[in-house]
There are 2 protein chains.
Amino acid sequence: MAHINVPEGVPGIRSLVMFRPETGKPLYELAQVLLRRKSTLSEAERELIAAYVSKRNDTMFCMMSHAAASKAFYGDDATIVDDVLKDMHQANISNKMKALLHIAGKVQILGSAVKQEDIDAARTEGATDKEIHDTVLIAAAFSMFNRYVDGLASFTPTDEKEYEAMGIRMAEKGYITPPTPKGGR
Amino acid sequence: MAHINVPEGVPGIRSLVMFRPETGKPLYELAQVLLRRKSTLSEAERELIAAYVSKRNDTMFCMMSHAAASKAFYGDDATIVDDVLKDMHQANISNKMKALLHIAGKVQILGSAVKQEDIDAARTEGATDKEIHDTVLIAAAFSMFNRYVDGLASFTPTDEKEYEAMGIRMAEKGYITPPTPKGGR
């Protein structure tokens, strides 16, 4: 049971956005810009950063759903996602991506944990200012989404198949605000 | 020096929003809805929750600026702000506000740190679902803003007078996206 009276059986952040559409709008817009708009980081890579941070925050709902979205984008290479979540250093991703995930992991701890040498290492591997910015903001944003979902104990499905379908929807439709419940608020 | 090439001398999140206006827009909109729109929590109280979480995350810029905004709203009772930041249990605020700050402090640690008993305690003091929701989301959002500002090492003024002026501006104007630098991006 969620800590507040949200629509029953609606998973994760969706139920919270239905409870409070005024804050839901900018939250979904932020996710859409960060994870879907044109970027030199692929959608698969950005969803992977989101899943990686959510795993570190132990937020099952965000981790499973964004891992599933990342897999949908990786397609034939979907095993990369579980490999990164297990041990990103051993995974078959670029050194640039490893350096960016390292920065995301620092942000998950605290902003001040990011050191100049972490930034330098990402630049050496070819990361641009915009890629570094977006990595920090994705990691910071999921430090918010994770706390939001867990702090209000919103509904977390446990069936892996449900996340698979969710990931495909997230990949196809992006982050569109759910409809306001009937009768409005 | 910030970790990325943002406008020099522009403090805190403002410089980051000028670097990346597309993400700045939903970020400012979120702050405006949470901290300024009509609520049964006063603007002074909501800014205080923001300052309290920022202090716990040791983010000087957000702590000083939102404390200053809270003081601007408290007016003659502005000493409440420093009292809360020193020890909220001893401060002259309502028991409901203490229970909500307690929840915000849990969210700052991690969402799953919020327990049913924390929610029950806030309800006993008269907190509504919407107040509990907004407290959790303000605390989660500042867990993001703090990481964003510190993770990119954006400019933090050290002169207390500068924050006083900033707080008055924040109280009067709210959260309006700064202009895009000349030449556009």
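FYI, side chains are in, hydrogens and waters are out, and symmetry mates aren't considered; it's all heavy atoms of this structure.
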S.K.: To the nearest 0.5 angstrom, please state how far the OG1 atom of B:T135 sits from the NZ atom of B:K96.
M.R.: 9.0 Å

S.K.: Would you compute the distance between atom CD1 of B:I93 and atom CG of B:L100 and round it to the nearest 0.5 angstrom?
M.R.: 9.0 Å

S.K.: Between chain B and each of A:V149, A:V114, A:L137, count heavy-atom pairs under 4.5 Å; write down the option with the most.
M.R.: A:L137

S.K.: Give a yes-or-no answer on whether the side chains of B:D150 and A:S112 include a donor-acceptor pair shorter than 3.5 Å.
M.R.: no

S.K.: How close do A:M166 and A:P157 get, heavy atom to heavy atom, and via which atoms?
M.R.: CE-CG, 4.4 Å

S.K.: Can you measure from CD1 (B:I13) to CZ (B:F155) and round to the nearest 0.5 angstrom?
M.R.: 16.0 Å

S.K.: Give a yes or no on whether the backbone of B:T158 and the side-chain of B:Y163 come within a donor-acceptor separation of less than 3.5 Å.
M.R.: no

S.K.: So, does B:N57 use its side chain to make a donor-acceptor pair with the main chain of B:T59 at under 3.5 Å?
M.R.: no

S.K.: If contact means a heavy atom pair closer than 4.5 Å, which residues of residues 34-49 of chain A contact chain B?
M.R.: A:L34, A:R37

S.K.: Taking the side chain as everything from C-beta on, heavy atoms only, tell me whether B:V17 gets closer than 4.5 Å to B:T177.
M.R.: yes

S.K.: Can you list the residues of residues 117-127 of chain B that sit under 4.5 Å from chain A, counting heavy atoms only?
M.R.: B:I119, B:R123

S.K.: Kindly indicate whether the side chain of A:S154, heavy atoms from C-beta on, has any atom under 4.5 Å from the side chain of A:R14.
M.R.: no

S.K.: Give the interface residues of residues 102-109 of chain A toward chain B, defined by a heavy-atom separation under 4.5 Å.
M.R.: A:V107, A:Q108, A:I109

S.K.: If you count heavy-atom pairs under 4.5 Å between each of A:I132, A:D129, A:D134 and chain B, which one has the most?
M.R.: A:D129

S.K.: Who among B:Q32, B:Q116, B:H3, B:K115 has the most heavy-atom pairs with chain A under 4.5 Å?
M.R.: B:H3

S.K.: Any idea which heavy atoms bring A:G12 and A:S15 closest together, and the distance?
M.R.: O-OG, 3.0 Å

S.K.: To the closest 0.5 Å, what do you measure between CE (A:M170) and CD1 (A:I168)?
M.R.: 11.5 Å

S.K.: Determine whether a donor-acceptor pair (N or O, by modelled atom type, separation under 3.5 Å) exists between the side chain of B:E172 and the backbone of B:R169.
M.R.: no

S.K.: Would you please classify the geometry between the B:Y148 ring and the A:H133 ring as parallel, tilted or perpendicular, with 30° and 60° separating the classes?
M.R.: perpendicular

S.K.: Strictly less than 4.5 Å between heavy atoms, which residues of residues 60-92 of chain A line up against chain B? Please order them by number.
M.R.: none

S.K.: For chain A, which of B:N146, B:D58, B:L30 has the most heavy-atom pairs under 4.5 Å?
M.R.: B:L30

S.K.: How long is the span from the CD atom in A:E29 to the CD atom in B:E22, to the nearest 0.5 Å?
M.R.: 11.0 Å

S.K.: When clusters are formed by joining ILVMFWY residues with side-chain heavy atoms under 4.5 Å apart, either directly or through shared neighbours, do A:V33 and B:L152 land in the same one?
M.R.: no

S.K.: Could you check whether any side-chain N or O of A:S54 sits under 3.5 Å from a backbone N or O of A:A50, counting only pairs where one atom can act as donor and the other as acceptor?
M.R.: yes

S.K.: Can you list the steps and then say if A:L27 with A:Y175 is a side-chain contact (heavy atoms from CB on, under 4.5 Å)?
M.R.: CA-CA 9 Å; A:L27 290 175; A:Y175 298 95; over 6 Å; no

S.K.: Is a side-chain donor or acceptor of A:R147 paired with a backbone partner of A:S143 at a separation under 3.5 angstrom?
M.R.: yes

